[in-house]
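Below is one structure, written out as structure tokens; comments come after it.
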Protein chains: 2
Amino acid sequence: MTARTPSTPPPAEGISRVAEDFLKAIWSATEWGGAPITGKALAERFGTTAANVSDTIRRLTAQGLVSHEPYKPVRLTTAGERHAVAMVRKHRLIESFLVRTLGYSWEEVHDEAENLEHAVSETMIERIDALLGHPDRDPHGDPIPAADGTSPHPEHAVNLTDASPGSYEVTRISDDDPAILRLLAGHGLRPGSMITVGTRDASSSSIPLEYNDGGLASLPSDAAAALWLVGRG
Amino acid sequence: MTARTPSTPPPAEGISRVAEDFLKAIWSATEWGGAPITGKALAERFGTTAANVSDTIRRLTAQGLVSHEPYKPVRLTTAGERHAVAMVRKHRLIESFLVRTLGYSWEEVHDEAENLEHAVSETMIERIDALLGHPDRDPHGDPIPAADGTSPHPEHAVNLTDASPGSYEVTRISDDDPAILRLLAGHGLRPGSMITVGTRDASSSSIPLEYNDGGLASLPSDAAAALWLVGRG
DNA sequence: CAAAAAAGTTAAGTTAGCTTAACTTAGCGC
DNA sequence: GCGCTAAGTTAAGCTAACTTAACTTTTTTG
Ligand SMILES: [Mn+2]
Ligand SMILES: [Mn+2]
Ligand SMILES: [Mn+2]
Ligand SMILES: [Mn+2]
């Protein structure tokens, strides 16, 4: 066996499942204009401890995938961002594939994709992409990065939480929380739905909506935060 | 944290990827009438050391999945066999799915399935099974165990290495070695092919074949060992 | 601004899975 | 049966990923 000099960077054998999920989470935090993610948020996202997050961030830093100053939020390096975008591409293509070929509903694909994204080969991803005709949105309305890492930049969307009264089209629905997805699906809301945002009642945190067909509803603010809209006059 | 009594069996949280592959390998050794597998064979199969195999077998034994006396071959317990058959079912259904829906060729599916089998949910496997119409053979001719663990017992097959001269149908082709699969595919041999086995030349270890269409070929013995036949006249 | 709370780090310990090295056992060949 | 060799085990040590506990830094807040 060839002795390995301790100072030599790790052989970059491949990137672990945990590392892949971290990179994706760090990237996702800023996808819709949010601030760089904190250790606390990462710990909550993965149901683990702050100590474990520090440890994992240290390993990712050693691999040159993230940059991190103590007590500051975490950022991706160029290499880290490349890997992150590749994972997002896999995740969203897999979701699209499951809906199209296996009849998954758009509120159940996320968990399955969360596992499969770490197991599919590049070859398989490109075949899925070709079979689906190179889609540019996943079932939740999220843009699918191209194989070269470029992202189709979607029309500027506003969060329902920040939307002033008026007519909108739902362009994306965050797939983070399955319970919220089921709630929204129950309201008939999906990417492409047309809605009218009403005037907020100061005494309540929920947001009044009117649907195309005249139906009325009121969404709690956590569900509203999952909806992204573009104005439709 | 609740203290765990040392004698309590492990919580069977879930079964690791390494454990799943070991169970599958142990089961596969006896699928076509072979002897229970040895540690040496397991080490070769996974490209690891005998020491690591001993270690892994120890863990599997502690989990109640295999039974093992020192210096003896490894056997599955009832629980181990149940898990092994479930993995084989996943592997073969995934191979079938990749061929059918993504246009994989039967000589390239194995490696992809080797990874995906650890990532797909029960739900996804059952949907694949339904989509494919509950197939009972995979692309290599291997029987696909049913969801309840029962295996369709195929017509008794003989290995080409042991076949006396005569007419046969190829019923299965072992998918262990990709190089051999490519060689056989190059000869036009696949499950369902009809062949005539010629008389062996004592001076050579290769086996003479005649195809349906009159073509002649001669297979080296390692390739011949991958072919399983049933007599046809 | 100082104290309290929240966030982050460090330290120590665990397990699975791997390595190399040293040793033991089993199965012959003679 | 004796001794060689192949197979198997044991020992020691490593990394990634996790835990709890103790501590430090930053942020909030009265
Ligand atoms: Mn994931
Ligand atoms: Mn999605
Ligand atoms: Mn596998
Ligand atoms: Mn197969």
Side-chain angles (χ1 to χ4, degrees), chain A residues 1-26 29 35-75 83 115 118, chain B residues 1-23 25-26 29 35-75 83 118:
Chain A
M1 169 206 161
T2 58
R4 181 177 302 150
T5 314
S7 65
T8 303
E13 268 284 332
I15 185 166
S16 76
R17 187 206 159 101
V18 168
E20 285 179 342
D21 279 335
F22 263 68
L23 294 179
K24 200 154 57 77
I26 296 165
I37 200 164
T38 63
K40 181 78 188 320
L42 284 167
E44 270 162 17
R45 173 75 107 101
F46 295 115
T48 185
T49 59
N52 184 30
V53 168
S54 281
D55 197 21
T56 302
I57 294 303
R58 191 185 41 68
R59 276 192 306 273
L60 290 173
T61 303
Q63 292 173 79
L65 297 170
V66 311
S67 67
H68 180 231
E69 299 169 75
Y71 301 100
K72 293 280 167 61
V74 186
R75 288 159 189 285
H83 283 284
N115 291 320
H118 309 288
Chain B
M1 167 203 164
T2 60
R4 182 178 301 151
T5 314
S7 64
T8 304
E13 268 281 335
I15 185 165
S16 76
R17 186 205 161 102
V18 168
E20 286 179 342
D21 280 335
F22 263 68
L23 294 179
I26 296 165
I37 200 164
T38 63
K40 181 79 189 318
L42 284 167
E44 270 162 17
R45 172 75 107 99
F46 295 115
T48 186
T49 58
N52 184 31
V53 168
S54 282
D55 198 20
T56 303
I57 294 303
R58 192 185 42 68
R59 276 192 307 272
L60 290 173
T61 302
Q63 290 174 81
L65 297 169
V66 311
S67 66
H68 181 233
E69 299 170 75
Y71 302 103
K72 293 280 168 59
V74 187
R75 288 160 190 284
H83 283 285
H118 310 287

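Proteins come first, then strands; the chains are lettered A, B, ... in the order of their sequence lines, and each starts at number 1.
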Is the distance from OP1 or OP2 of dC18(C) to the nearest side-chain N or O of Thr48(B) less than 4.0 Å?
no
If only side-chain N and O atoms of Arg59(A) are considered, is one of them under 4.0 Å from the OP1 or OP2 phosphate oxygen of dA17(D)?
yes
Want to settle it: does Pro73(B) or Thr56(A) sit nearer the 5' end of DNA chain D, counting the closest nucleotide to each?
Pro73(B)
Spacing between Asp21(B) atom CG and dG17(C) atom P, to the nearest angstrom
11 Å
Classify Ser16(A) by what it touches in the nucleic acid, base, sugar-phosphate, or nothing, heavy-atom distance under 4.0 Å.
sugar-phosphate
Minimal heavy-atom distance between Leu42(B) and Ala25(B), with the atoms involved, is CD2-CB, 3.9 Å
Any Thr38(B) side-chain nitrogen or oxygen under 4.0 Å from OP1 or OP2 of dA7(D)
no
Assert: residue with more 5' nearest nucleotide on DNA chain C, out of Asn52(B) and Arg58(A), is Arg58(A)
Tell me: OH of Tyr71(A) to P of dT26(D), nearest whole Å?
7 Å
Gap between atoms CD and C1', on Glu44(B) and dG8(D) respectively (whole Å):
14 Å
Do we see a donor-acceptor contact under 3.5 Å between the side chains of Arg58(B) and Thr61(B)?
no
Under a 4.0 Å N-O cut-off, is there an ion pair linking Lys24(A) with Glu20(A)?
no
In whole angstroms, the gap separating C1' of dA7(D) from CG of Asp55(B) amounts to 17 Å
Can you tell me the distance, in whole Å, between the CG atom of Leu42(B) and the P atom of dA7(D)?
13 Å
d(CG, Leu65(A); P, dA16(D)) in whole Å
13 Å
From the options dC18(C), dT9(D), dT9(C), select the nucleotide whose nearest atom is closest to the side chain of Pro70(A).
dT9(C)
Euclidean distance, atom NZ of residue Lys40(A) to atom P of dG8(C) [Å, nearest integer]:
8 Å
Does a sphere of radius 6.0 Å around CZ in Arg75(A) hold more than 12 heavy atoms from other residues, nucleotides or ligands, not counting ones at 6.0 Å or beyond?
no
Between Ala19(A) and Leu60(A), the two heavy atoms sitting closest are CB-CD2, 3.6 Å
In this structure, how many angstroms lie between the C1' atom of dT15(D) and the CG atom of Leu60(A), rounded?
14 Å
OP1 or OP2 of dT19(D) versus the side-chain N and O atoms of Thr49(A): is any pair under 4.0 Å?
yes
